[in-house]
Amino acid sequence: MSAGEGTQASNLIGGEPVDSAGGERIDVVCPSDGAVFASIARSAAPDVDAAVASARRAFEDGPWSRMTATERGRILTRLGELVDANRDELAALESRDTGKPARQGVADVTAACRYYEYYGGAADKVHGSQIPFLDGYLAFTTREPHGVVAGIIPWNYPLQILARVAGAALAMGNTLVVKPAEDASLTTVRIAELALEAGCPPGVFNVVTGYGTEAGAPLSAHPGVDYVTFTGSTATGTAIQQAAAINNRGVTMELGGKSPQIVFADADLEAALPVVVNAIIQNGGQTCSAGSRVLIERPVYGAFTAELAKRFAALVAQPHYRDGDLGPLINRLQADRVAGFVAEAEAAGATVLARGSVAADAPEGGCYQAPVLFGDVDPQSKLAREEVFGPVLAAFAFDGEDEAVTLANGTEYGLVAGVWTSDGGRQHRVAKRIRAGQVYVNAYGAGGGIELPFGGFGKSGHGREKGFEALIDMSAAKTTVFNHG
Ligand code: NAI
Ligand code: MG
């Protein structure tokens, strides 16, 4: 029997599986063939109320807030071990639910384990500081949990994004209400069950599944929530910030990008090529940090795009179980959206340099999109400026460092960038001038790097996840002052 077949997933509130108050359910669809194979609870405001109340009780009264940071860390470390022990089941479930190639499901489980391990180890290493102040006074800071954290998770990397949110939030002593994406909730429910097994007290890690407007919106506007963290689209990010603003709550927003790879003529082009391709093909291009623009110095533009074109032409979208170059996109809507982007770019005069294919025997009901490489893209066009969230790469030619930086910084986003050059001085100059939360030199990290702080400038959002930095976001400084005379 295939992963998750027939699962009727419930919400997890106060450590108990519960159906939504309305009793309705949402079909769980595999995008490789469009088949329904399970269902999740369709929750709404009353379910959110129950989950927030449970998280509040666990925060105020429960053993969680009295536990030492070391003990919280041990529970997270155990959670990582349990995720590892259930690796095959989780990877298969994630692949089936999202359509991602089997090896990407495995990579996501590995990353999730690392997050729980990392934040488990970090939990008791977040120090405050003592501040020189007036004579006769002792002043110091401590890092306090926000309280109840709401995590609204997207469908592209549910295991990984949940792990970076839950790992950091729980390490700092917060309690959680998670609303996974309606398109991919099954592994989130499973992880919350494993968290109980790892020793998380009931009510610390609650899950409410459902649609964004029905379950996500009341969660982000809930007065019982102290902090909101979100990864997803810019438009939904705006809606969530407005909702959180009703209660003046803090937010972390990770909102995607239009990330450039800058290839100078003196770069090791052989080394750059597979990385540039992978950065847009991984997960079908449905990655916030996808390298969706490649800026190429004019003397090597022809040669580099010719090599890219060869590789793109050979790419084949396949059902997840074939573990091909890429899988289907998450759903019909996204596949149509991406196809619309491609058609519009062609109509606007961008040149198709290469097109990959969809496996001839891919199931009819799947949501496939062949990879496309565009050249001669107008920097002012929609394709050059907006996130496609699919396997579509736009190539541009540039002359010299200044133009490279202007083009790289020429969108409203600022998430990740790659700089490819063998000139040491230029590596530093260009990296410094790029406006992005992460810059890689002669490398690129699409989605990786548990230890590396991650987040955006501009429309890519604000706040930082991953690494130690996330622990700062998931807590607040408290200053205590003693007058000891
Ligand atoms: P979305 O941003 O609407 O969905 C992400 C999450 O937000 C889901 O859990 C959803 O249920 C929830 N949500 C939706 N509306 C909400 C609301 N009003 N209040 C609270 N929660 C809400 O993304 P969607 O529609 O699935 O994808 C559209 C585009 O978003 C993609 O084409 C892509 O450009 C971008 N996206 C970016 C991601 C990233 O990693 N930065 C991840 C997913 C999507
Ligand atoms: Mg699904």
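Computed from a prediction, not measured in an experiment: that's the story for all the values here. Every number for a ligand or one of its atoms is a count from 1 in the order of the listing. Side chains are part of it too, since the values below use all heavy atoms of this structure and drop only hydrogens, waters and symmetry mates.
- Side-chain contact check for Val189 versus Ser10: every heavy-atom pair is 4.5 Å or farther apart.
- Among Glu214, Glu254, Gln334, the residue whose heavy atom lies nearest to atom 28 (C) of ligand 1 is Gln334.
- Ligand 1 has no atom lying under 4.0 Å from any heavy atom of Gly237.
- Closest to atom 8 (C) of ligand 1 by heavy atom, among Ile153, Thr213, Val388, is Ile153.
- Judged by distance alone, the side chains of Gln8 and Ser39 do bring a donor and an acceptor atom under 3.5 Å apart.
- A cation-pi contact, defined as under 6.0 Å to the ring centre and within 45° of the axis, is absent between Lys179 and Phe230.
- Among Ala290, Ala243, Cys288, the residue whose heavy atom lies closest to atom 39 (C) of ligand 1 is Cys288.
- With a 4.5 Å cut-off on side-chain heavy atoms, Leu219 and Ile152 count as touching.
- Using a 4.0 Å cut-off between a side-chain N of Lys or Arg and a carboxylate O of Asp or Glu, Arg322 and Asp361 qualify as a salt bridge.
- Computed with the Mg ion (ligand 2) at the centre, the Val29 O to Asp183 O angle is 160°, stated to 10 degrees.
- For the pair Lys258 and Tyr413, the cation does not sit on the ring face, since its NZ or CZ is not both under 6.0 Å from the ring centre and inside 45° of the axis.
- Arg464 forms no cation-pi arrangement with Phe454, by the criterion of a distance under 6.0 Å to the ring centre and an angle within 45° of the ring axis.
- Taking only non-hydrogen atoms, the option from Pro218, Ser233, Gly456, Gly216 nearest to atom 2 (O) of ligand 1 is Ser233.
- For atom 4 (O) of ligand 1, the nearest protein heavy atom lies 4.0 Å or farther away.
- Within ligand 1, the atoms closer than 4.0 Å to a non-hydrogen atom of Ile240 are 19 (N), 20 (C), 21 (N), numbered from 1 in the order shown.
- The residue from Gly212, Gly151, Gly461 that puts a heavy atom closest to atom 22 (C) of ligand 1 is Gly212.
- If you check which protein heavy atom lies closest to atom 34 (O) of ligand 1, you get Glu387 OE1, 2.8 Å.
- In this structure, Phe230 is part of the shell of residues with a heavy atom less than 4.0 angstrom from ligand 1.
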